[in-house]
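All remarks here apply to the structure that follows.
Proteins come first, then strands; the chains are lettered A, B, ... in the order of their sequence lines, and each starts at number 1. Values below: every heavy atom of this structure, side chains too, minus hydrogens, waters and symmetry copies.
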Protein chains: 2
Amino acid sequence: MPKLGMEPIRKEALVKATIVEIGRAGSLDVTVSQIARRAGMSPALAHHYFGGKEAIFLAAMRHVLSLYGAEVRGALAVAEGPQARLDAIFRVSFSATNFRREVVSAWLNFYVLAQSQADARRLLSVYQRRLRSNLLACLRPLHGHGAEALADSLGALIDGLYLREVLKEGPPDAETALRMLRDHLTDKGKDPNP
Amino acid sequence: MPKLGMEPIRKEALVKATIVEIGRAGSLDVTVSQIARRAGMSPALAHHYFGGKEAIFLAAMRHVLSLYGAEVRGALAVAEGPQARLDAIFRVSFSATNFRREVVSAWLNFYVLAQSQADARRLLSVYQRRLRSNLLACLRPLHGHGAEALADSLGALIDGLYLREVLKEGPPDAETALRMLRDHLTDKGKDPNP
DNA sequence: TTTTTTGTTGATTGACGAGTCAATAAACTT
DNA sequence: AAGTTTATTGACTCGTCAATCAACAAAAAA
């Protein structure tokens, strides 16, 4: 049976299964066995490829983050002007791929993980810095000073909207979330000192 | 040794120890033994008084929530006018008692808990509803329509600021957080249709 | 004073889960 | 054909932890 070149396939299956299982459990209280079973293999194989549970979680985190990052880059590539680019970032943050219960739950739990695992913290920091710098690039032309504070509050608002999603029932409401982000900016002094 | 009337004392000690331990671990991966040891008793006694780990967490959650609730009520009692009352809510949310690493970590983990435990979810929902209605009472006189959306985004922003605190290092910066909350409101159309 | 209630713990149980290992088998190399 | 690498798992080890229990101690009630 053993076909060669299984490693990437198995790893991907494990990473996806990890996200699903974290979503199901709503926490990191997920056994390697559960993950492996959902990914269609034995627990031993999961250990074989990743070496340990910690590494599996880390890989899952990287996956979510890089997926999000890629989507942002894609959206920015076709958006022209700061206003449009800003909105592109917003839309990606609440796109169907990212704003799903599973993924939101994963994010939340990654924040928890970041409190005790340095690698996880580093990854999250990278994401936060990237988001901040993306936002700043758009905000500076629109609101000269105050762009920094605005970027920070927008970041916090996005995270808060994610956080609150986990308590809601029913399908995620991206429209409402987007409206709040946009309203956060409207009526702010436009370009006070360019 | 056995003095009578220990129950409330023991319970309080356990609840406080729980919050400290959650803060230390940064997660709910905390054993009853750890909690009991920090509270100065045997694990068996913790089980005796609470019946199980789940109940200990729930009690800790109630403690944090009721402390916050009491502080809000106290601040509202001496604040006059919607503007002042609004700011009172903000200040309590980032007061020295509530905006501490331990407590912030506890909040975060309660959100996680809420995903898998119905009781925890109920408690958090109560808090959210209360916050929302407190905010609404202040916002309606100031911004007629749009008060609802504003209350929701303020709630999300508060949660987001808490969430982001767990990644920061150094002491919590309440001033900056407060500035963001206040800025979120400034320049919004005041009282468009009263 | 006996009995009951309340407080307290050491020792134990039973379950579960991460990680290891030896063994098997297919595919590639030489 | 013999040897090496890659894939795969069942069985096992070792540790941990929630929960239980029997036993002991002191206060209160009878």
Side-chain angles (χ1 to χ4, degrees), chain A residues 1-61 109-110 112-113 116-120, chain B residues 1-61 109-110 112-113 116-120:
Chain A
M1 290 207 183
K3 298 148 193 170
L4 289 217
M6 296 268 42
E7 180 158 351
I9 297 166
R10 294 301 200 186
K11 281 194 168 179
E12 197 194 321
L14 283 168
V15 160
K16 288 192 175 164
T18 302
I19 296 169
V20 173
E21 285 299 312
I22 289 178
R24 277 175 58 86
S27 76
L28 298 177
D29 254 324
V30 166
T31 70
V32 175
S33 300
Q34 283 167 18
I35 295 172
R37 191 171 330 124
R38 178 164 301 267
M41 70 196 79
S42 77
L45 198 54
H47 275 103
H48 174 66
Y49 281 125
F50 276 105
K53 197 184 186 174
E54 202 167 291
I56 299 180
F57 282 154
L58 251 283
M61 195 160 158
N109 281 290
F110 290 158
V112 171
L113 199 60
S116 58
Q117 231 189 288
D119 296 322
Chain B
M1 293 213 178
K3 300 146 195 172
L4 289 218
M6 293 305 298
E7 179 157 353
I9 296 167
R10 294 300 200 186
K11 280 193 169 179
E12 197 193 320
L14 283 168
V15 160
K16 287 190 176 165
T18 303
I19 295 170
V20 174
E21 285 299 313
I22 289 177
R24 276 175 59 86
S27 75
L28 298 176
D29 255 324
V30 165
T31 70
V32 175
S33 299
Q34 282 167 17
I35 296 172
R37 190 171 331 123
R38 178 164 299 269
M41 71 197 78
S42 77
L45 197 54
H47 275 104
H48 174 66
Y49 280 126
F50 276 106
K53 197 183 185 176
E54 201 166 292
I56 299 180
F57 282 154
L58 251 283
M61 195 160 158
N109 281 289
F110 290 158
V112 171
L113 198 60
S116 58
Q117 229 188 291
D119 296 321

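In this structure, B:K11 atom NZ and C:dT6 atom C1' are separated by 14 Å, rounded to whole Å. B:R37 has its CZ atom 10 Å from the P atom of D:dC17, to the nearest Å. Following rounding to the nearest Å, A:L4 (CG) and D:dT6 (C1') show an atom-to-atom distance of 6 Å. Regarding A:E7, its CD atom lies at a distance of 16 Å from the P atom of D:dT5, rounded to whole Å. Rounded to whole Å, atom P of D:dA19 lies 10 Å from atom CZ of B:F57. Per the geometry, NE2 belonging to B:H48 stands 18 Å off P belonging to D:dA23, to the nearest Å. In this entry the distance linking CD1 of B:I56 with C1' of D:dA19 reads 11 Å, nearest Å. The distance between atom CG of B:L14 and atom P of C:dT8, rounded to the nearest whole Å, is 11 Å.
Contact annotation for B:G52: backbone-only contact, meaning every heavy-atom pair under 4.0 Å involves sugar-phosphate atoms and none involves a base. Here A:T31 lies in heavy-atom contact (under 4.0 Å) with sugar-phosphate atoms only.
Counting heavy atoms from C-beta on, the side chains of B:R24 and B:R38 come closer than 4.5 Å.
Ranking C:dA27, D:dT20, C:dA18 by closeness to the A:V32 side chain, first place goes to C:dA18. Listed candidates were D:dT9, C:dG19, C:dT9. Nearest to the side chain of A:H47 is C:dG19. Counting only heavy atoms from C-beta on, A:K53 has its side chain closest to C:dA18 among D:dT8, C:dA18, D:dA19.
For A:D29, there are no side-chain hydrogen bond (donor to acceptor under 3.5 Å, both in side chains) partners, not counting sequence neighbours.
Here the shortest heavy-atom pairing between A:V32 and A:P43 reads CG1-O, 4.2 Å. Residues A:I35 and A:A17 approach most closely at O-CB, 3.6 Å, considering heavy atoms. Summarising the geometry of A:F57 relative to A:L113, their closest heavy-atom pair is CB-CD2, 4.1 Å, with the distance given to 0.1 Å.
At the phosphate of D:dT8, OP1 or OP2 sits under 4.0 Å from a side-chain N or O atom of A:R10. Distances shorter than 4.0 Å separate some side-chain N or O of A:Y49 from OP1 or OP2 on D:dT8.
Nearest-nucleotide mapping onto DNA chain D: of A:L45 and B:A44, the residue sitting toward the 5' end is A:L45.
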